[in-house]
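Have a look at the structure below before the remarks.
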Protein chains: 2
Amino acid sequence: MLDDDLGWSLGVVFRTYVRMADTLMSSVPGGPRGFQVLTAATAEEPVGQGALAHRLGIDRTVMTYLVDELEAAGLVERRAGTKDRRNKQIVATGHGTRLLADLQHRLGKAESHVLEPLSDAERTRFRRLLRKLAVRAQDLDPVAEACALVEELDAAPPRAHP
Amino acid sequence: MLDDDLGWSLGVVFRTYVRMADTLMSSVPGGPRGFQVLTAATAEEPVGQGALAHRLGIDRTVMTYLVDELEAAGLVERRAGTKDRRNKQIVATGHGTRLLADLQHRLGKAESHVLEPLSDAERTRFRRLLRKLAVRAQDLDPVAEACALVEELDAAPPRAHP
DNA sequence: TATTGTTATACTCTATAACTATA
DNA sequence: TATAGTTATAGAGTATAACAATA
């Protein structure tokens, strides 16, 4: 039964959430990634473009285009760092900050919508279990794990008559 | 706190699983999508290329390239339909069937690995809750839902002094 | 004429490499 | 010389459009 497949269930729920989020964020230049940059731009400690790109897992050349768009829309500003003028820090404008608050509110609504089939008690339980998995998954190197798995199975393949 | 964000948790867990799966399936031409086609190719009811492309949500022209690769690797065959010779059905070869069984076994292992932080009872509960969400999510049109959300919020925006 | 699959072309997104400016 | 960011170019992946075969 397909419904029992973890990957399938995860995929359906995740994609539904992502598509809702994408739609909500279609007004932001650069979409979901523009949103992430905007979020980082409101942090207390402003961070340079390169470091930010690394943290979000995107190329630094892509970050240039992304910030170009956000700046053109008046959502963020580039400020040359005081210590190192090469290092450009991304900070949100008032307009950017307000838009971000609005988007976060909408995302919360989308989240509730996805969790709607569950009762309050179930939602709490689900969040707890999922967080437990996420915390561990974060520290995992999926590629390395998968390679280990392959070697382990190659040593004892699942055949009827080896 | 970031850990409380549903989207973040879902994303971390899903991406970890997907990356493990991708690595496991790197030996299949076309990667994860090649795997999906191969899976469909072992179904009792063989299905035409176009219908299959639609079901997997990929373009029919892409499907042509995908099947080309799988056929070149000797995993599937194209058979002209008996009733309509335009309709080419994709069926797995013996080699393809064996490879698929192997991959499914490995995916099961990867799945257990992701769920490792949970006890047996917790795993069961998690699967049950997730499936409940997935079943509902499947019947949802995320874009339409998001649009409805936007209109609803635009009517009563989250401002201190409206 | 309509439909299934193929081929050729164009487009989008992303990465690589060369360039400018600061250090 | 080395680093942060920018710009130009090339590459992979995907979609659009014209095509051939069958209905």
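Not measured: the values here are computed from a predicted model. Letters A, B, ... are given to chains in the order of the sequence lines, protein chains preceding strands, and every chain is numbered from 1.
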Q.
Please report the distance, rounded to the nearest Å, between NE2 in A:His54 and P in D:dT3.
A. 15 Å
Q. Rounded to whole angstroms, how far apart are CD on B:Gln49 and P on D:dT22?
A. 15 Å
Q.
Considering every strand and a 4.0 Å limit on heavy-atom distances, what is the contact class for A:Gly81: base, sugar-phosphate, or nothing?
A. nothing
**Q.** Atom pair distance, as rounded to whole Å: CG in A:Asp84 and P in C:dT20
**A.** 20 Å
Q | Pair B:Arg127 + B:Glu122, salt bridge at N-O below 4.0 Å | A | no
Q) Separation of A:Lys83 atom NZ from C:dT22 atom C1', in whole Å? A) 16 Å
**Q.** Length of the CG-P vector between A:Asp68 and D:dA8, whole Å
**A.** 12 Å
(Q) In this structure, how many angstroms lie between the C1' atom of D:dG5 and the CD atom of A:Glu77, rounded? (A) 18 Å
Q: Give the rounded distance in Å between these two atoms: CG of A:Leu66 and P of C:dT14.
A: 10 Å
Q: Please figure out whether B:Gly57 or A:Met63 has its closest DNA chain D nucleotide nearer the 5' end.
A: A:Met63
Q.
Tell me whether A:Glu111 is salt-bridged to A:Lys109, with the criterion being a basic N under 4.0 Å from an acidic carboxylate O.
A. no
(Q) Is there a side-chain contact between A:Gln89 and the phosphate of D:dA4, meaning an N or O under 4.0 Å from OP1 or OP2? (A) no
Q) Looking only at side-chain N and O atoms, does B:Arg33 come under 4.0 Å of OP1 or OP2 in D:dG13? A) no
Q) Taking only N and O in the side chain of B:Asn87, is any of them less than 4.0 Å away from OP1 or OP2 of D:dT22? A) no
Q. Out of C:dT22, D:dA21, D:dT16, which has the shortest distance to the side chain of B:Arg86?
A. D:dA21
Q. Mapping A:Arg85 and A:Thr61 onto DNA chain C by nearest heavy atom, which one lands closer to the 5' end?
A. A:Thr61
Q: Inspect the contact between A:Asp102 and A:Arg106 and indicate whether a charged nitrogen and a carboxylate oxygen are less than 4.0 angstrom apart.
A: yes
Q. Heavy-atom distance under 4.5 Å between the side chains of B:Thr42 and B:Val91, does that happen here?
A. no
Q) According to a strict under-4.0 Å criterion, is A:Arg60 in side-chain N/O contact with OP1 or OP2 of D:dG5? A) no
Q. Side-chain N or O of A:Thr64 less than 4.0 angstrom from OP1 or OP2 on D:dG5?
A. no
Q: To the nearest Å, give me how far apart CG (B:Asp59) and P (C:dT12) are.
A: 16 Å
Q: Measure across B:Met25 and B:Pro32 and return the closest heavy-atom pair with its distance rounded to 0.1 Å.
A: SD-CA, 3.8 Å
